[in-house]
Amino acid sequence: MVLACLSPPSSSSHPQTHVQQRLSSQLPWSSSTSRVKNQHCTSTTTTTKHMMSSYEVQIKAAEKLNSKTNAVQKGEGGEGRGNFFDVLLHHVGGDGKYQWCLLLLASVGGVYPGAHAVASAFIAATPEHWCHVAPLDDITDSSSSSYDLRNGSVPWIVEWDGKGGYSSCSYYDRNWTGLVAGGLQEEDLPLLPTAGVPTTDCKDWMYDHSVYETTAVEEWGLVCSNKYRMSLIQSTYMAGVLAGAVVLSELADKFGRRTISLISALGFVVSAISIAFTTHYSLFLTFRFLVAAFGSGLFLPNFVIVMETVGPEGRTTMGMLYQCFFAVGFMLLPGIAYFVNNWRNLQLCISIPSILLLLYYWVLPESPRWLMMQGRFEEAVKILKNIAKTNRSSMPPREELDALRESFEFERKKSEEIEESLLKKFINFFRSIITLLSTRNIRRRCLIIFFAWFVVSMVYYGLTFSGGNINASPYLLVFLSGLVEIPSYFLVCWTLKKFGRRLNLCVLFTICGTACLLILAVPKEMVWLNMTLATVGKFFNSAAFAVSYIYSAELVPTGVRNIAVGTSSMCARIGSAIAPFIVDLLGDLHYAVPSTVFGLLSVAAGLLALLLPETDKMHLPETVEEVEALPR
């Protein structure tokens, strides 16, 4: 299924039973099982790219969700069981009207997490601000607009490029109360001497409301020395994505995809709406964390349900289309935010429609493949009959159904026998990490691909949130960030077939990095050119994400493949959590510092990719010894 390609079939032969031979012979692809499996692994992995670009950590969770269902693993029976279910899908229709309706139904669950993933660009936007000198409120003449109270009370700061502006974080430390009591008027402010007058940090701020009516930054004063707390808004959201993918996916493997999707939908709706009514910064972060966690728990199980109900012939197309809906969430958000500039109202506008997700209780089916692996064969058959009816197909003969039932029962019992305890999983995790780092070739491969994931995820989110640094409209930049992802998927599908993995990764990273570095040479006033460069960088970054995802699964042997890809996703999460700090804090030094950092890291990742071996059309390694015997 979704991640079956992460664990290739064992190279050792195993004789099929009579039932296996009889059922497998009915598969239209049975004459070239190995060839099709390898092609399917490549295409299916490609389709999951966007889920990792916005929900990179879900790879580790998806492996757990599919481990029992596919069992394409070294040993007996795994491949046969997958083929058995594909026989059923071939009978009832694996790419028919039922699957397209299911795709549309499940994909709705990707739009809302997509919008919330970048909502902080608007609900936590930082408007222009300056120190609020409270005593001066008493001299303000509301009928006059000819005087700016900052003139004489707030220092004029000249930037590195010779341009100046009022300070955002300091004001002149005078006895303002005494001056006002002595008769200070508005017209007197520009006449006050400033040379040698000490300044002090702001205690309160005034904000420009020409763009945003209110934002979370204004409400809790997340500026100047507290600016890092603004960056934490997006970082904690990414931490929630990680937590949801790991915890909820483990529960989905035990209690079912549909069950966890329903629980996540309810939690997502409640948490998202609650954000709009919270009055404390800590609660704001907490609910954002929960929205991310439940969004992850909603997006992933729905994806798996689709992939487990679609036949091999439709998985690539439907997997690609499913992920496009996440980008749709990106594109819809700026349009809503443009007309709703109060952050609480905006939060409600993108949250209340998610109440529709609660309809999943009546319309979202469970994965029939998962039901069979749980021994709930009759429930699975009921769903398969519905699929056959909708697709105007027919169920296989009862004899074949009985044979399938016996096969799944055998595999289910065997899976239960080898089920690892939590302690054993913990021990095996560290053993796998040691394996990844203890041998020369695997260590080099892993460190390079870990770095690639770290960079590609950092740049992915960094460019999306970089509008403020280059004076670009955040509405247009976020919209374009979502728009360019869709064609990038199709670009990767073509370039991977033509040029392989290594050259693709090198070129895509290098073009992305070059686009980011060129921003340094473009004046800040040339907004459209800078925004074009940022959009080009995002396009090639999204494509590089897809290649990184595939590459990481093909570089390491079967025994440590899951942990290698899972660790890669953890590195990606670290990168995406750091990105807001680079954009917000380093952007204060110079508008091009963040893009320069992104560019240098991208070029470095591209050049390091040349040290990796080409894996296109190559046999996936089974053992550590096999990898170490290769030149690199």
Side-chain angles (χ1 to χ4, degrees), residues 49-50 52-56 114 117-122 124-126 231 234-235 237-238 326-327 329-331 333-334 452-489 491 508-522 524 526-548 572-587 590-606:
K49 172 259 156 188
H50 181 68
M52 292 306 308
S53 71
S54 300
Y55 282 74
E56 303 89 345
V118 290
S120 62
F122 304 106
T126 303
S231 302
Q234 187 64 19
S235 294
Y237 186 92
M238 295 304 170
F326 191 87
F330 266 49
M331 293 186 284
L333 175 67
W453 277 67
F454 172 83
V455 172
V456 77
S457 184
M458 174 191 292
V459 177
Y460 177 90
Y461 285 101
L463 290 177
T464 301
F465 290 102
S466 63
N469 291 334
I470 58 177
N471 282 350
S473 167
Y475 303 102
L476 185 57
L477 187 60
V478 172
F479 173 79
L480 292 175
S481 294
L483 181 64
V484 298
E485 286 194 37
I486 297 175
S488 74
Y489 306 153
L491 171 70
L508 293 173
F509 261 128
T510 302
I511 296 177
C512 171
T514 301
C516 292
L517 289 173
L518 286 175
I519 294 177
L520 181 63
V522 178
K524 191 174 183 179
M526 300 180 69
V527 176
W528 280 100
L529 182 54
N530 279 324
M531 187 163 60
T532 299
L533 290 172
T535 303
V536 170
K538 180 64 184 300
F539 176 88
F540 287 98
N541 169 267
S542 299
F545 221 133
V547 181
S548 299
R573 181 53 47 229
I574 295 173
S576 60
I578 293 176
F581 293 97
I582 294 178
V583 172
D584 299 333
L585 303 184
L586 295 185
H590 187 281
Y591 76 93
V593 169
S595 58
T596 302
V597 172
F598 297 149
L600 292 174
L601 290 176
S602 295
V603 171

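Between Pro334 and the choices Leu476, Val478, Leu480, the side chain to side chain contact (heavy atoms under 4.5 Å, CB included) rule is met once, by Val478.
Annotation: ring-ring contact (aromatic ring centres under 6.0 Å, His included) contacts of Phe539 (sequence neighbours excluded): none. Checked against side chain to side chain contact (heavy atoms under 4.5 Å, CB included), Thr532 has the following partners two or more places apart in sequence or in another chain: Val536.
Taking the six-membered ring where the residue is Trp, the centroids of Phe330 and Phe326 are separated by under 6.0 Å.
In terms of heavy atoms, Ser457 sits closest to Ser576 at OG-CB, 3.3 Å. When every heavy atom of Ile486 is checked against every heavy atom of Ala327, the shortest pair comes out as CG1-CB, 4.1 Å. Considering every non-hydrogen atom in both Ser231 and Pro580, the closest pair reads OG-O, 3.6 Å. Counting all heavy atoms, side chain and backbone alike, Phe509 lies closest to Ser548 at CE1-OG, 4.1 Å. The two atoms that bring Ile582 and Pro594 nearest to each other are O-CG, 3.5 Å, heavy atoms only. Minimum interatomic distance between Leu586 and Val597 (heavy atoms only, all atoms of both residues): CD1-CG2, 4.3 Å.
To the nearest 0.5 angstrom, Cys516 atom SG is 11.0 Å from Asn530 atom CG. Within the model, atoms CD1 of Ile574 and CH2 of Trp453 stand 13.0 Å from one another, a figure rounded to the nearest 0.5 Å. Atom-to-atom distance recorded for Leu508:CG and Phe540:CZ is 7.0 Å, nearest 0.5 angstrom. Separating the CZ atom in Phe465 from the OG atom in Ser120 is a distance of 3.5 Å, to the nearest 0.5 Å. Here Tyr460 contributes atom OH and Ser481 contributes atom OG; the two are 8.0 Å apart, rounded to the nearest 0.5 Å. One finds the OG1 atom of Thr596 at 4.0 Å from the CG atom of Leu520 (value rounded to the nearest 0.5 Å).
Among residue pairs with one or both ends in residues 532-548, those qualifying as salt bridge (Lys or Arg N to Asp or Glu O under 4.0 Å) are Glu485-Lys538; sequence neighbours excluded.
Two residues are said to be in side-chain contact when any heavy atoms from C-beta on lie closer than 4.5 Å; Tyr461 and Val583 fail this criterion. The side-chain heavy atoms of Cys512 and Ser602, taken from C-beta on, include a pair separated by under 4.5 Å.
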request  = Take Ile470 and Val527 through the side-chain contact (heavy atoms from CB on, under 4.5 Å) test and state the conclusion after the steps.
outcome  = CA-CA 6 Å; Ile470 58 177; Val527 176; 5.9 Å; no

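Side chain of Gln234 to backbone of Ala117: a donor-acceptor contact under 3.5 angstrom is found.
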